[in-house]
Amino acid sequence: MSATQHPNANSAPDSHCSSCGAPYGEGVSGWPRTCPACHTVAYRNPLPVAVALQPVYDTKGTALVVITRTIAPARGGTALPGGFIEQREDWRSAVVRELKEETGIDAAERDVRLADAMSSPDGHLLLFGLLPERPAAGLPPSAATDETEGWQLLHRPTELAFPLHTLAVKAFFEGRYV
């Protein structure tokens, strides 16, 4: 069915019950909300995000793997590898999956430990997974992916595309995630 054929194509976001499709009606706002037709209670939950902190070492010292984004938001910006946790996915699996998808770097889920958890102003929960330090020489070559221009190394704190990534990088280099 195309968007032009869909009966709710022009309706406001979150204006209809996701269980039965009935409209919530005028004046219904805020969360949670109850459907007047089927009585299903709907919640507005934050989308959790898994972010990888992959430390490496080279002749210049310790660094973190970062990527340059080719997709919105923050297209062209530098960020830590990361993305949304999929339904029924363990957060550690998401850290490893996102690292692989955005950099080509393999990691073991069992090696991921929680470094930090932060909430963004837009309601997203970010879980920063710290991986063991490894030699930069053992990483695959940097190559463009569907979402990045490839990876590079960050040897000191700097402003990144997302404020919470900037805070996590600063905390890492200050030794707070040891």
Side-chain angles (χ1 to χ4, degrees), residues 14 31-32 42-178:
D14 303 317
W31 300 92
Y43 297 87
R44 181 83 168 182
N45 296 323
L47 296 173
V49 176
V51 183
L53 291 162
Q54 177 59 75
V56 298
Y57 57 88
D58 62 9
T59 58
K60 297 178 186 172
T62 299
L64 282 172
V65 173
V66 293
I67 51 95
T68 302
R69 296 175 57 84
T70 57
I71 60 169
R75 181 180 289 124
T78 302
L80 294 164
F84 292 114
I85 300 172
E86 295 175 3
Q87 185 174 354
R88 301 182 197 271
E89 182 180 32
D90 182 275
W91 70 271
R92 292 171 213 78
S93 297
V95 167
V96 168
R97 178 183 51 77
E98 288 291 341
L99 180 66
K100 176 72 171 179
E101 287 176 2
E102 296 186 2
T103 67
I105 299 170
D106 285 313
E109 185 179 321
R110 70 181 175 277
D111 292 336
V112 180
R113 72 173 186 81
L114 184 62
D116 215 334
M118 299 183 216
S119 293
S120 67
D122 60 1
H124 294 303
L125 172 65
L126 280 72
L127 299 176
F128 292 87
L130 180 63
L131 291 150
E133 188 175 56
R134 59 203 294 180
L139 299 179
S142 178
T145 69
D146 290 343
E147 300 177 358
T148 75
E149 291 179 8
W151 61 266
Q152 60 267 1
L153 299 180
L154 183 67
H155 285 90
R156 64 181 179 279
T158 189
E159 180 123 4
L160 298 180
F162 301 109
L164 296 183
H165 289 211
T166 301
L167 290 175
V169 166
K170 183 175 187 278
F172 172 81
F173 282 109
E174 288 175 350
R176 289 191 271 151
Y177 296 154
V178 183

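Side-chain atoms are counted along with the backbone in the values below, which use heavy atoms only and exclude waters and symmetry mates. When a residue number appears, it is its place in the shown sequence, counting from 1.
Under a 3.5 Å cut-off, the side chain of T148 and the backbone N or O of E102 do form a donor-acceptor pair. In terms of modelled atom types and a separation under 3.5 Å, the side chain of T70 and the main chain of E147 share a donor-acceptor contact. The closest donor-acceptor contact from the side chain of Q54 to the backbone of P132 lies under 3.5 Å. Remark: the backbone N or O of L80 is paired with a side-chain donor or acceptor of H165 at under 3.5 angstrom.
For the atom pair CD1 of I67 and CD of E101, the computed distance is 11.5 Å after rounding to the nearest 0.5 Å. Here L64 contributes atom CG and L53 contributes atom CG; the two are 6.0 Å apart, rounded to the nearest 0.5 Å. One finds the CE atom of M118 at 7.5 Å from the CG atom of L126 (value rounded to the nearest 0.5 Å). To the nearest 0.5 angstrom, T78 atom OG1 is 10.5 Å from F162 atom CZ. One finds the CH2 atom of W91 at 8.5 Å from the CD1 atom of I85 (value rounded to the nearest 0.5 Å).
Residues L153 and V65 meet the side-chain proximity criterion, which asks for heavy atoms closer than 4.5 Å. The closest side-chain heavy-atom distance from L154 to L160 is below 4.5 Å. A 4.5 Å side-chain heavy-atom check between F172 and P55 finds at least one atom pair inside the cut-off.
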For this session: Walk me through it: do S93 and E109 pass the test side-chain hydrogen bond (donor to acceptor under 3.5 Å, both in side chains)?
Result: CA-CA 6 Å; S93 297; E109 185 179 321; 2.6 Å; yes
Problem set entry | Working for side-chain contact (heavy atoms from CB on, under 4.5 Å), residues D58 and H155 | CA-CA 10 Å; D58 62 9; H155 285 90; 3.1 Å; yes
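Residue pairs meeting the salt bridge (Lys or Arg N to Asp or Glu O under 4.0 Å) criterion with at least one partner in residues 161-178, sequence neighbours excluded, are K170-E174, E174-R176. Applying the salt bridge (Lys or Arg N to Asp or Glu O under 4.0 Å) test to pairs two or more places apart or on separate chains, those with a residue in residues 62-86 are E86-R97. Residue pairs meeting the ring-ring contact (aromatic ring centres under 6.0 Å, His included) criterion with at least one member in residues 47-71, sequence neighbours excluded, do not occur.
Residues meeting the salt bridge (charged side-chain N to carboxylate O under 4.0 Å, His left out) test with E149, sequence neighbours left out: none. With sequence neighbours excluded, no residue forms a ring pair (Phe, Tyr, Trp, His ring centres under 6.0 Å) with F173. When the ring pair (Phe, Tyr, Trp, His ring centres under 6.0 Å) test is applied to F84, the partners found at least two apart in sequence or on another chain are H124.
Of all heavy-atom pairs between L130 and A115, the closest is CB-CB, 3.9 Å. Taking both residues in full, the closest heavy atoms of A108 and L131 are given as O-CD2, 4.2 Å, listed atom of the first, atom of the second, then distance. Residue P81 comes nearest to L99 through the heavy atom pair CG-CD1, 3.9 Å, listed as atom of the first residue, atom of the second, then distance. Across D116 and L114, no two heavy atoms sit closer than the pair O-CD1, 3.3 Å. The minimum heavy-atom distance between T158 and V169, with the atom names listed, is N-CG1, 4.5 Å. Among all heavy-atom pairs drawn from G129 and V112, the shortest one is CA-CG1, 3.8 Å.
Residue Q152 places its CD atom among more than 12 non-hydrogen atoms of other residues, nucleotides or ligands, all under 6.0 Å distant. Annotation: R113, atom CZ; neighbour count of heavy atoms from other residues, nucleotides and ligands within 6.0 Å is above 12.
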